[in-house]
Amino acid sequence: MAFLHGLGPLMQAWAREKNARLVPSAATKEREVFGLKFPNPVGLAAGFDKNALVLPAWEGLGFGFAEIGTITARAQPGNPKPRLFRVPEISGVINRMGFNNDGADAVAARLKKLRATDRWPRFPVGINLGKSKVTPLDEAAADYLHSFTRMRDLGDYFVLNVSSPNTPGLRSLQDRPALDALFATVQAVNISQKPMLVKIAPDLTWEAIDDVLALVESHRLAGIIATNTTIDHSAVPEHRRQTGGLSGAPVRTRSTEVIRHITSRTKVPVIGVGGIFSADDAREKFDAGAALIQLYTGYIYRGPALIMEILRALNPA
Ligand SMILES: Cc1cc2nc3c(=O)[nH]c(=O)nc-3n(C[C@H](O)[C@H](O)[C@H](O)COP(=O)(O)O)c2cc1C
């Protein structure tokens, strides 16, 4: 990705122009979701541009929004390498990155600088927040709060990520009492009412998802991202087994089921993510009720051509 670091304003303008020509009738793909205007509904999922190092590049590649992070209150190195493994036999990836990131203060400074230039993207930017590894679980809410207060003026929407399998105990924040406390703490300081979303695991039971939905509604969260990576590795061939979260094709069906479950129970918008490798996979997510979708593993395997394929299929010229 290093080649994108130097993507200057001229290059960006060129990419925008090229993209506008590549994507027929782009305007008709616009969506308005939780009060934000999205030029198209295909976004970059969290974890790809954790530190917002190449944020200006994503728009030119065809995405309609990008989510940076996961960002934690403290800078942290993440787990030792190797920590990212392709599983090509099943079009999957296993990762145990462990929220390697520069920390909220440094990323906030980077975003502030970028906002002061004309390189800030014209599409919505989400900021995905997590818990620092060194912070005890019972102080998790304060950790998220630190990051949110540093960054609340810099993002268009925010995500409380309580579903990564790579920070010990993090997923227990999806339990009702912990989630109730987290939502209450963050929403109490969300005075400018930035859309606040929660990102959930595909491994939750239907009952646990219903608990999350009740809290999302009572604390007036703006949306749900479904889903993160799975801890179910039954699809992984023996010789590829690794600790971490599994993404890509093996999570596709479960992610779609979770989206369908949520949208059958609430009007709260859902961003669908998990195993999208083609226009048909994207359509499956929209048919399940997703308002927007995000790509990660499919983008690793297929690159920007995947975005174009989905956009064309969404609205053939
Ligand atoms: C290498 C890697 C790193 C990831 N890092 C994050 C992260 O920091 N925060 C997060 O919320 N999700 C993270 N994810 C999860 C993705 O955003 C996405 O929810 C998941 O991979 C399912 O989508 P996919 O099948 O299209 O990859 C990561 C995924 C991968 C493969």
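Below, each value reflects all heavy atoms present in this structure, side chains not excepted, and no hydrogens, waters or symmetry copies. Position 1 is the first residue of the sequence, and the numbers go up from there. Read the numbers this way: they start at 1 and go in the same order the structure lists the ligands and their atoms.
- Note that the OH atom of Tyr299 and the CD1 atom of Ile276 stand 14.5 Å from one another [nearest 0.5 Å].
- Among all non-hydrogen protein atoms, the one lying nearest atom 9 (N) of ligand 1 is Thr70 OG1, 2.7 Å.
- Using a 4.0 Å cut-off between heavy atoms, Ile225 makes no contact with ligand 1 at all.
- The neighbour count for Arg115 CZ, taken as heavy atoms of other residues, nucleotides or ligands under 6.0 Å away, is above 12.
- If you look at Asn228 next to ligand 1, the close heavy atoms, those under 4.0 Å, come from the backbone and the side chain alike.
- The structure places CZ of Arg152 at 9.0 Å from CZ of Phe158, a figure rounded to the nearest 0.5 Å.
- Taken from NE2 in His233 to CZ in Arg241, the straight-line distance is 8.5 Å, to the nearest 0.5 Å.
- Under the 4.5 Å side-chain heavy-atom criterion for Ile, Leu, Val, Met, Phe, Trp and Tyr, Phe48 and Leu292 are members of distinct hydrophobic clusters.
- Residue nearest to atom 23 (O) of ligand 1, selected from Leu129, Leu246, Val273: Val273 (by heavy-atom distance).
- At least one heavy atom of Thr227 sits closer than 4.0 Å to an atom of ligand 1.
- Only the side chain of Lys50 comes within 4.0 Å of ligand 1, judged by heavy-atom distances.
- Scanning the protein heavy atoms around atom 13 (C) of ligand 1, the nearest turns out to be Ala46 O, 3.2 Å.
- The shortest N/O to N/O separation between Ala45 and ligand 1 does not fall below 3.5 Å.
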Residue pair Ser234, Asp232: steps toward the side-chain hydrogen bond (donor to acceptor under 3.5 Å, both in side chains) verdict
CA-CA 6 Å; Ser234 52; Asp232 175 1; 2.7 Å; yes
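- Any N or O atom pair closer than 3.5 Å counts here, and Leu84 shares no such pair with ligand 1.
- Taking each heavy atom of Lys199 and Ala46 in turn, the nearest pair found is NZ-CB, 4.2 Å.
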Verify salt bridge (Lys or Arg N to Asp or Glu O under 4.0 Å) between Glu257 and Arg260, making sure each step is shown before the conclusion.
CA-CA 5 Å; Glu257 284 172 358; Arg260 196 176 294 117; over 6 Å; no
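- Atoms CZ and CZ, on Arg31 and Phe65 in that order, are 10.5 Å from each other to the nearest 0.5 Å.
- Only side-chain heavy atoms of Asn161 come within less than 4.0 Å of ligand 1; its backbone N, CA, C and O stay farther off.
- Counting atoms of ligand 1 from 1 in the listed order, those under 4.0 Å from a heavy atom of Val251 are 25 (O).
- Under 4.0 Å from ligand 1, the heavy atoms of Lys199 that appear belong solely to its side chain.
- Using a 4.0 Å cut-off to heavy atoms of Gly275, the atoms of ligand 1 that qualify are 24 (P), 25 (O), 26 (O).
- Contacts between Thr297 and ligand 1 below 4.0 angstrom, taking non-hydrogen atoms only, involve backbone and side chain alike.
- When hydrogens are left out, the protein atom nearest atom 21 (O) of ligand 1 is Ser247 CB, 3.2 Å; that is the closest non-hydrogen contact.
- Of all protein heavy atoms, the one closest to atom 30 (C) of ligand 1 is Asn95 ND2, 3.3 Å.
- Among Asn100, Asn128, Thr167, the single residue meeting the side-chain hydrogen bond (donor to acceptor under 3.5 Å, both in side chains) criterion with Thr70 is Asn128.
- By the 3.5 Å distance cut-off applied to N or O atoms, Tyr296 is counted among the residues near ligand 1.
- The shortest separation from a heavy atom of Gly274 to ligand 1 is under 4.0 Å, placing the residue in contact.
- Atoms of ligand 1 lying under 4.0 Å from any heavy atom of Asn128, numbered from 1 in the order shown and given with element: 10 (C), 11 (O).
- Closest approach of Val107 and Ile68 over heavy atoms only: CG1-CD1, 4.1 Å.
- Between the CG atom in Leu154 and the CZ atom in Phe148 there is a gap of 10.5 Å [rounded to 0.5 Å].
- Here the protein heavy atom with the shortest distance to atom 20 (C) of ligand 1 is Thr229 CG2, 3.9 Å.
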